[in-house]
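See below for the structure under consideration.
Counting begins at 1 with the first residue of the sequence. We count ligands from 1, going down the list as the structure has it; atoms in each ligand are counted the same way. Scope of the values below: all heavy atoms of this structure, side chains included, with no hydrogens, waters or symmetry mates. From a predicted model like this one, the values you see are computed outputs, not experimental measurements.
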Amino acid sequence: MIPAAGRGVRLGPGAPKALRALGGTPMLVHAVRAMARSRAVSLVVVVAPPAEAAEVRLLLGEHALPERTEVLVVPGGETRQESVRAGLDALPQDVTSVLIHDAARPLVPVDTVDAVVEAVRDGAGAVVPALPLADTVKEVEPGKPGEPEQVVATPERARLRAVQTPQGFDLATLLRAHAAIAVDGEGATDDAGMVERLGVPVLVIPGHEEAFKVTRPLDLVLAEAVLARRRATDGF
Ligand SMILES: Nc1ccn([C@@H]2O[C@H](COP(=O)(O)OP(=O)(O)OP(=O)(O)O)[C@@H](O)[C@H]2O)c(=O)n1
Ligand SMILES: C[C@](O)(CO)[C@H](O)COP(=O)(O)O
């Protein structure tokens, strides 16, 4: 499943982020192709910005994908979590495992996708690809408006990871996590975060530098450079 219904406010004004061009092709198309490159993926559910769902259907019809890949487009919600919920509701009954991948991570290598799949097939209830941090991270006490923040703690960096997507799940476990959050939970910024709260172990596997999220304008500059290098060396 590819949540793609965000506006991309941090990227600056323009079309919804998933529809903005990367190397002349919408970011969403790159993300769908990145997932479809894995032979384990037979269905891609795209969660589109509600106002652009018809446009997204047309767009995906116009761009080549492997023949074995079925694509379904559903409208998303106000938050990423609501969009993922909409995507889960659209899954066919026979699905037992799901990968959830941000449209905003268009350049994830297929080896990373396959490594997540393998870990789920090996029995993990939830799997996240992750990388160690390069910066030191501070926990802060947010000040009142106009006042500076104060540092309250410095978590031990060696124990921290920056988490990427695709995140892989046993579908029943993820559905249980969503149901629990709907009853009494605060939202989570990633899908594995919800599963953690059930007390289900979340397995960490190595992420990849090229699976970075396009969030701010400089990320788009980096994505263009990575794509140009791939096109020059790998021809895609
Ligand atoms: N209501 C939402 C919000 C986000 N997403 C998706 O979740 C992924 C990760 O979100 P992010 O990169 O934060 O995207 P935006 O919400 O678009 O970014 P911003 O906060 O800058 O607006 C993206 O693929 C985005 O399209 C979604 O499907 N539905
Ligand atoms: C799911 C995610 O990409 C994992 O790092 C991230 O939490 C999404 O956060 P965003 O604020 O919606 O970009």
Side-chain angles (χ1 to χ4, degrees), residues 1-22 25-35 44-53 55-56 59-60 71-91 98-108 112-113 116 126-135 137 160-169 174 177-178 181 186-197 202-220 222-223:
M1 182 204 308
I2 303 193
R7 303 307 303 177
V9 173
R10 288 169 288 181
L11 197 55
K17 180 161 65 180
L19 301 183
R20 296 197 211 182
L22 172 59
T25 302
M27 214 180 299
L28 173 63
V29 173
H30 289 282
V32 173
R33 284 181 175 156
M35 298 305 289
V44 180
V45 176
V46 173
V47 188
E52 282 87 5
E55 184 185 336
V56 165
L59 189 75
L60 292 171
V71 179
L72 203 64
V73 178
V74 297
E78 281 293 310
T79 63
R80 185 182 183 283
Q81 195 177 308
E82 284 171 23
S83 293
V84 169
R85 179 73 245 187
L88 291 175
D89 288 344
L91 292 180
V98 62
L99 303 179
I100 304 190
H101 180 62
D102 294 334
R105 297 183 189 268
L107 299 177
V108 62
T112 304
V113 180
V116 174
V127 182
V128 295
L131 290 177
L133 301 188
D135 294 320
V137 174
L160 299 177
R161 297 289 177 268
V163 171
Q164 305 177 325
T165 69
Q167 298 186 353
F169 301 92
L174 186 60
H178 268 264
I181 287 242
E186 217 177 88
T189 55
D190 75 336
D191 308 291
M194 286 182 254
V195 171
E196 278 158 55
R197 291 181 205 168
V202 175
L203 182 71
V204 180
I205 65 163
H208 196 286
E209 285 190 347
E210 294 182 7
F212 63 92
K213 185 153 70 69
V214 176
T215 305
R216 302 184 185 90
L218 195 59
D219 300 322
L220 203 47
L222 180 60

_Using modelled atom types and a 3.5 Å cut-off, is there a donor and acceptor pairing between side-chain atoms of T165 and backbone atoms of D102?_
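Checking the backbone N and O of D102 against the side chain of T165, a donor-acceptor pair under 3.5 Å is found.
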_L107 CG to K213 NZ distance, which is reported to the nearest 0.5 Å_ =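 L107 CG to K213 NZ: 14.0 Å, rounded to 0.5 Å.
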*asked:* To the nearest 0.5 Å, what is the distance between CD1 on I2 and CE on M35?
replied: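 If we round to the nearest 0.5 Å, I2:CD1 and M35:CE are 6.0 Å apart.
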*When you look for heavy atoms under 4.0 Å from ligand 2, do you find them on the side chain of R10, its backbone, both, or neither?*
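It is the side chain that gets close, since no backbone atom is under 4.0 Å.
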*Name the residues in contact with ligand 1, where contact means a heavy atom under 4.0 Å away: which are they?*
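Protein residues near ligand 1 are P3, A4, A5, G6, R7, G8, V9, R10, K17, G77, E78, T79, R80, S83, D102, A103, A104, K213.
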*asked:* For L222, give me all partners under side chain to side chain contact (heavy atoms under 4.5 Å, CB included), at least two apart in sequence or on another chain.
replied: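 F212, V226.
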*Contacts of type side chain to side chain contact (heavy atoms under 4.5 Å, CB included), residue P129, not counting sequence neighbours*: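 T112, V116, Q164, Q167, I205.
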_Is any side-chain heavy atom of L19 closer than 4.5 Å to one of V56?_
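Sidechains of L19 and V56: in contact.
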*Contact check, side chains of H101 and V44, non-hydrogen atoms, under 4.5 Å*: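 Of all side-chain heavy-atom pairs linking V44 with H101, none is under 4.5 Å.
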_Pair L174, I100 - check side-chain contact (heavy atoms from CB on, under 4.5 Å), show working._
CA-CA 11 Å; L174 186 60; I100 304 190; 3.4 Å; yes
*Is Q164 close to ligand 2, meaning an N/O of one under 3.5 Å from an N/O of the other?*
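No - when backbone and side-chain N and O of Q164 are compared with those of ligand 2, no distance drops under 3.5 Å.
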*Worked verdict on R80 versus D191 for salt bridge (Lys or Arg N to Asp or Glu O under 4.0 Å)*: CA-CA 9 Å; R80 185 182 183 283; D191 308 291; 3.0 Å; yes
Considering only protein heavy atoms, which is closest to [atom], and at what distance to one decimal place?
{"atom": "atom 3 (O) of ligand 2", "answer": "D102 OD2, 2.5 Å"}
{"atom": "atom 4 (C) of ligand 2", "answer": "V163 O, 3.4 Å"}
{"atom": "atom 6 (C) of ligand 2", "answer": "T189 O, 3.7 Å"}

_Pairs involving residues 2-20, ordered by first then second residue, that meet salt bridge (Lys or Arg N to Asp or Glu O under 4.0 Å) (sequence neighbours left out)_ =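 For residues 2-20: R7-E52.
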*Using non-hydrogen atoms of the residue, decide whether T215 is closer than 4.0 angstrom to ligand 2.*
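Flag not set, T215 not near ligand 2.
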*Give a yes/no verdict on whether any heavy atom in H101 is under 4.0 Å from an atom of ligand 2.*
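False for this residue.
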*asked:* If you take the nearest heavy atom of each of K213, K17, R80, which one is closest to atom 13 (O) of ligand 2?
replied: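 Of the listed residues, K213 has the closest heavy atom.
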*Close-contact set for ligand 2 against R105 heavy atoms, below 4.0 Å*: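 Counting from 1, the qualifying ligand atoms are 2 (C), 3 (O), 4 (C), 5 (O).
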_ligand 2 atoms in contact with D190 (distance to a heavy atom under 4.0 Å)_ =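 In order of number, 1 (C), 7 (O).
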*What residue among V214, D219, T215 forms side chain to side chain contact (heavy atoms under 4.5 Å, CB included) with L11?*
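With L11 as partner, side chain to side chain contact (heavy atoms under 4.5 Å, CB included) holds for just one option, V214.
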